[in-house]
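Note that the structure is predicted; figures quoted are calculated from it, not measured.
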Amino acid sequence: MLKETEEQARHSMPAKGDPAQAGLEWLSVLVGFGAFVTFTIWVSEFMTGSLGVADIWALPLLSLAFVVTFLFLRIRPDRIDAIGYIPAVALNVYLIIGVYLNIFPQFGRMDFYQFYSTSYWFPIGTGVSFIFLAPRIAVMFSFSMLAIMLLPLAVSALSTDAYLWPVNSRLLVLQVVLAQIVFVILFLNVAVIRSRYSKTREYIRVLQLLSSTDSLTGLLNRRAMLEILRREIDAARHAKAPLIVAMIDVDYFKRINDGLGHEAGDVVLIHLGQLLTAQLRSQDHFGRWGGEEFLLIASETTLQNGHMLMEKLRETVAAEQFPSARRVTISAGIAELTDLDDATMLLKRADEALYRAKAEGRNRTMVAA
């Protein structure tokens, strides 16, 4: 059960309000903004007649890639590893097209000024790769894009078209290449730091979950339930709302352990936890208090409604066929929060009611005085 809890913690999606979830939401907003800006540039240049040969169709496709990424981040954020290839490939391919059109006269006029202007965008393509892709993949992807974009320059420099190159242009191209390599190294270091930070935060999250989870049943443990109770007491007092707690005990549990073995007793506790959890409401908190005792915290619940809820749970248990055990019943003591109660006093009153339920024959619910 402990291993299952850890696996669940590792593979669960970030909850709403979690920093990771907030990061994904901000990322989707930035991608959506990128789609808007890209399309706005296309419309503006189209209206002024300044669109380049490739931009006529490349900019709308780039904007579409951003839109698709935005939608996937909103609908399927768990697929970000696969989604990330869309903007990374789209933006880098757009940059490659820009380089080829500006350098090789076969595709039009040779325009080194436009090439250098395009080269300013290379770090953005690299940055997008490292944002969406794993660091190792992003490094390979970035260097591959760099090779595809810049290696043909060497061919052009050594070809019969070399005389078309402006003076000192080769040095400037070399500077562009070296700068891009520096950017890749920089982004790699940032990505490694971010990855280590994310793993550390995830490790802390797993430890927090394990420290608040009962290793046998997978329910909240005593420490977590006590923290929740204190929080619920403060909330109930602030809202002037009712609150009840129920201390629950498995009847004659020692007989189960002695007669059928501790393994059978563990099965009973696990099955009981699952059975009661399935019957509870969204505002209820339920956990293992210790041994064969469980604790129920029911917020916004009056003593009368709490008694009805506990009786329903007790009858459900009595009617259940437990594996590897004889008939199982439970006893419970209920206490409602008063102005004089703190967490300790409230639990003590519920515990006293539980002892009365056991003293009067078990398989019943008693209310604290």
Side-chain angles (χ1 to χ4, degrees), residues 5 8-9 12-18 21 205 208-214 216-250 269-318 320 330-358 364-369:
T5 303
Q8 181 181 7
S12 59
M13 280 298 295
K16 191 176 179 66
D18 184 88
Q21 178 66 24
R205 189 172 77 93
Q208 288 175 337
L209 179 61
L210 294 177
S211 68
S212 63
T213 304
D214 178 60
L216 175 65
T217 62
L219 300 173
L220 294 170
N221 61 18
R222 185 185 187 115
R223 173 179 170 274
M225 290 298 290
L226 191 56
E227 290 179 358
I228 291 172
L229 178 58
R230 288 169 179 156
R231 186 175 70 238
E232 290 295 330
I233 288 175
D234 291 341
R237 290 216 164 103
H238 183 266
K240 294 181 170 47
L243 172 73
I244 67 106
V245 298
M247 196 70 77
I248 304 167
D249 185 82
V250 180
L269 295 178
I270 294 171
H271 189 78
L272 178 64
Q274 295 171 343
L275 178 65
L276 295 184
T277 299
Q279 304 295 319
L280 297 176
R281 306 162 301 174
S282 59
Q283 72 264 35
D284 298 330
H285 301 280
F286 181 66
R288 187 183 180 192
W289 192 243
E292 68 272 23
E293 285 191 335
F294 297 83
L295 178 66
L296 170 64
I297 304 171
S299 57
E300 300 180 5
T301 304
T302 62
L303 188 61
Q304 180 181 2
N305 290 337
H307 186 271
M308 293 172 58
L309 172 63
M310 195 59 244
E311 279 295 284
K312 174 188 173 184
L313 297 177
R314 185 186 62 79
E315 292 171 359
T316 299
V317 173
E320 179 73 6
I330 58 174
S331 300
I334 301 179
E336 184 177 23
L337 179 67
T338 68
D339 293 337
L340 301 177
D341 285 327
D342 58 10
T344 302
M345 183 58 68
L346 183 61
L347 290 170
K348 181 181 179 182
R349 291 173 53 231
D351 201 43
E352 290 172 350
L354 170 62
Y355 274 101
R356 283 197 291 118
K358 293 166 70 175
R364 66 191 64 221
T365 303
M366 299 296 291
V367 176

Would you find more than 12 non-hydrogen atoms of other residues, nucleotides or ligands less than 6.0 Å from Q304 atom CD?
no

Are any non-hydrogen side-chain atoms of L226 and R222 less than 4.5 angstrom apart?
no

What's the spacing between I228 CD1 and F286 CZ if we round to 0.5 Å?
12.5 Å

Heavy-atom closest pair (L337 atom, A236 atom, distance to 0.1 Å) is CD2-CB, 4.1 Å

With rounding to the nearest 0.5 angstrom, report the CG to CG distance, N305 to L309.
8.5 Å

Would you check if F294 and L269 make a side-chain contact, meaning some heavy-atom pair closer than 4.5 Å?
yes

Donor-acceptor contact below 3.5 Å, side chain R349 vs main chain G333
no

Taking all non-hydrogen atoms of both residues into account, name the closest pair between D341 and M345 and its distance.
OD1-CG, 3.1 Å

Does I297 form a side chain to side chain contact (heavy atoms under 4.5 Å, CB included) with M225? I'd like the steps, not just the answer.
CA-CA 8 Å; I297 304 171; M225 290 298 290; 3.6 Å; yes

Could you note down all residue pairs passing side chain to side chain donor-acceptor pair (under 3.5 Å) where residues 224-236 supplies at least one of them, sequence neighbours left out?
E232-H285

Could you give all pairs that pass the salt bridge (Lys or Arg N to Asp or Glu O under 4.0 Å) test and reach residues 276-305, with sequence neighbours left out?
D214-R288, R281-D284

Specify the closest pair of heavy atoms between A350 and V245, including all atoms of both residues, with the distance to one decimal.
CB-CG2, 3.8 Å

Distance (rounded to the nearest 0.5 Å) between E320 CD and E315 CD:
14.0 Å

Taking everything shown except K358 itself, do over 12 heavy atoms lie less than 6.0 Å from its NZ?
yes

Output the distance between atom CE (M247) and atom CG (L346), rounded to the nearest 0.5 Å.
9.0 Å

Does a side-chain heavy-atom distance below 4.5 Å link S331 with L354?
yes

Which heavy atom of A368 sits nearest to which heavy atom of A335, and what is that distance?
CB-CB, 3.8 Å

Specify the closest pair of heavy atoms between A353 and I334, including all atoms of both residues, with the distance to one decimal.
CB-N, 3.9 Å

Exactly one of T277, L276, L295 should register a side-chain contact (heavy atoms from CB on, under 4.5 Å) with L219. Which one does?
T277

The side-chain hydrogen bond (donor to acceptor under 3.5 Å, both in side chains) partners of R364 (sequence neighbours excluded) come to none

If you look at every heavy atom in A246 and M310, which pair is closest and at what distance?
CB-SD, 3.9 Å

Going from NE2 on H307 to CD1 on I244, what distance comes out if it is rounded to the nearest 0.5 angstrom?
10.5 Å

Is a side-chain donor-acceptor pair under 3.5 Å present for Q283 with S299?
no

When rounded to the nearest 0.5 angstrom, what is the spacing between CD1 in I330 and CG in L313?
6.5 Å

